[in-house]
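The structure follows.
Each ligand, and each atom within it, is numbered from 1 in the order the structure gives.
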Amino acid sequence: MTATVIDGKQIAEQTRAEAAAGALALSTRTGVIPHLAAVLVGEDPASAVYVRNKQIACEKAGFKSTLHRLPANTGQAELLTLVQALNADADVHGILVQLPLPKGIDTTLILDAILPAKDVDGFHPENVGLMQQGRPRFLPCTPAGVMRMLKVSGIETAGKHAVVIGRSDIVGKPMAALLGQKGADATVTLCHSRTQDIRAFCREADILVAALGIPQFVKGDWIKPGAVVIDVGINRIGDKLVGDVDYLPAAQVASAITPVPGGVGPMTIAMLLANTLQAAINLSGSDAR
Ligand code: GUN
């Protein structure tokens, strides 16, 4: 079997076009232009690229985007003051603090300080709770992007065994929650660094989501023939980007697979736009799209 390649770039483009159309409709109706404020602390080159790409996507979709760049030695109090100012700024609809933050800053404290109505990453505990209860305000962008890819690709999740590798707050935990929720209806196993014999769990997966951050961790012969493989990993080996799945052997066995790059990555940004538009609609009190 050779897998169908799930084209994240194309699905993301479509999602971004919908966000752009929504932004145009909102501004025509109300004069409100969705505005994402991104905060980047320190000099991490990968984070700088991610934030830049988020800004470019905003601008292409007709959103406003502002970047607040702070040096690596920024104190926690100073960052907190900036978040509070963005919370209070009526012109800002979405706030994104790029992670990871430098050592010495309490990430939880900062994320908890973001106004839940502007938390377009979906990381605030109030939004995590709403998602867990199946009445989401904002879904975390990467898992939401994976759900959209599955839907657009016509991949059935109901009754399927979904195995998620990795239990991060950003991807693994919310991914498992979304796949198991009513409507998605998968039976979910969440594997992590202390799981014994991960390979055995992978072999049982109808849908396998790899989100552990180890290059090419999942081998081709771990994959059940005909399974759907979603690779969330973005790892740099020299000047090459690879996922958490050993792509070529996996693509021989799977029925569908996401490539790296061009798979899940572009979806994260597209869903951020969708969330920022939703935040602008909610905050402007405009309920039509
Ligand atoms: N760092 C890696 N992924 C993300 C993300 O989705 N949001 C933020 N804020 N930081 C990240």
Side-chain angles (χ1 to χ4, degrees), residues 8 12 15-16 19 35-58 63 65-70 72 74 79-80 82-83 86-87 92-103 105-116 118-125 127-128 131 136-149 164 166-175 177-178 209-214 230-236 241 243-244 260-261 263-276 278-279:
T15 306
R16 283 161 56 158
H35 179 182
L36 176 72
V39 180
L40 177 60
V41 187
E43 306 300 328
D44 179 54
S47 288
V49 170
Y50 290 141
V51 169
R52 182 78 200 119
N53 287 338
K54 289 170 186 178
Q55 284 200 285
I56 291 169
C58 277
F63 289 25
S65 128
T66 46
L67 173 61
H68 300 264
R69 260 199 117 130
L70 302 173
T74 299
L79 181 55
L80 199 55
L82 172 60
V83 168
L86 296 171
N87 284 344
V92 169
H93 307 108
I95 302 170
L96 178 140
V97 176
Q98 185 66 25
L99 303 180
L101 288 169
K103 285 192 178 62
I105 294 183
D106 181 343
T107 300
T108 305
L109 184 138
I110 298 299
L111 295 181
D112 286 4
I114 296 173
L115 198 67
K118 297 188 179 186
D119 168 40
V120 288
D121 261 325
F123 295 165
H124 191 282
N127 290 325
V128 174
M131 176 201 64
R137 182 188 282 134
F138 300 117
L139 294 177
C141 300
T142 301
V146 171
M147 295 309 287
R148 177 158 303 199
M149 288 176 109
V164 178
R167 57 176 158 183
S168 69
D169 290 334
I170 296 182
V171 183
K173 278 191 231 168
M175 190 74 254
L178 294 178
V209 182
L212 69 158
I214 300 179
I230 306 291
D231 191 349
V232 181
I234 303 178
N235 311 286
R236 195 169 286 279
L241 287 183
D244 291 350
V260 177
V264 175
M267 291 304 297
T268 299
I269 295 184
M271 298 315 288
L272 177 67
L273 295 187
N275 280 351
T276 304
Q278 191 58 53

Can you name the residues that form a salt bridge (Lys or Arg N to Asp or Glu O under 4.0 Å) with D112, not counting sequence neighbours?
->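 D112 satisfies salt bridge (Lys or Arg N to Asp or Glu O under 4.0 Å) with no residue once adjacent residues are dropped.
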
With sequence neighbours excluded, residues passing salt bridge (Lys or Arg N to Asp or Glu O under 4.0 Å) with R16 |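 With neighbours one apart ignored, the set is empty.
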
Would you give the length of the straight line joining atom CG of L109 to atom CG of L79, rounded to the nearest 0.5 angstrom?
->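 The CG atom of L79 is 9.0 Å from CG of L109, to the nearest 0.5 Å.
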
Output yes when a side-chain donor or acceptor of D119 lies under 3.5 Å from a complementary backbone atom of I114, and no otherwise.
->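 Not confirmed, D119 side chain does not pair with I114 backbone.
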
Considering residues at least two apart in sequence or located in another chain, which fulfil the salt bridge (Lys or Arg N to Asp or Glu O under 4.0 Å) criterion with R167?
->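 R167 satisfies salt bridge (Lys or Arg N to Asp or Glu O under 4.0 Å) with no residue once adjacent residues are dropped.
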
Ligand-protein N/O pairs under 3.5 Å (ligand 1):
unit_1, atom_1, unit_2, atom_2, d
ligand 1, 1 (N), Q98, NE2, 3.2
ligand 1, 1 (N), L99, O, 2.9
ligand 1, 7 (N), D121, OD1, 3.0
ligand 1, 7 (N), D121, OD2, 3.4
ligand 1, 9 (N), V97, O, 2.9
ligand 1, 9 (N), D121, OD2, 2.6
ligand 1, 10 (N), L99, N, 3.0

Can you list the steps and then say if L36 with H93 is a side-chain contact (heavy atoms from CB on, under 4.5 Å)?
-> CA-CA 6 Å; L36 176 72; H93 307 108; over 6 Å; no

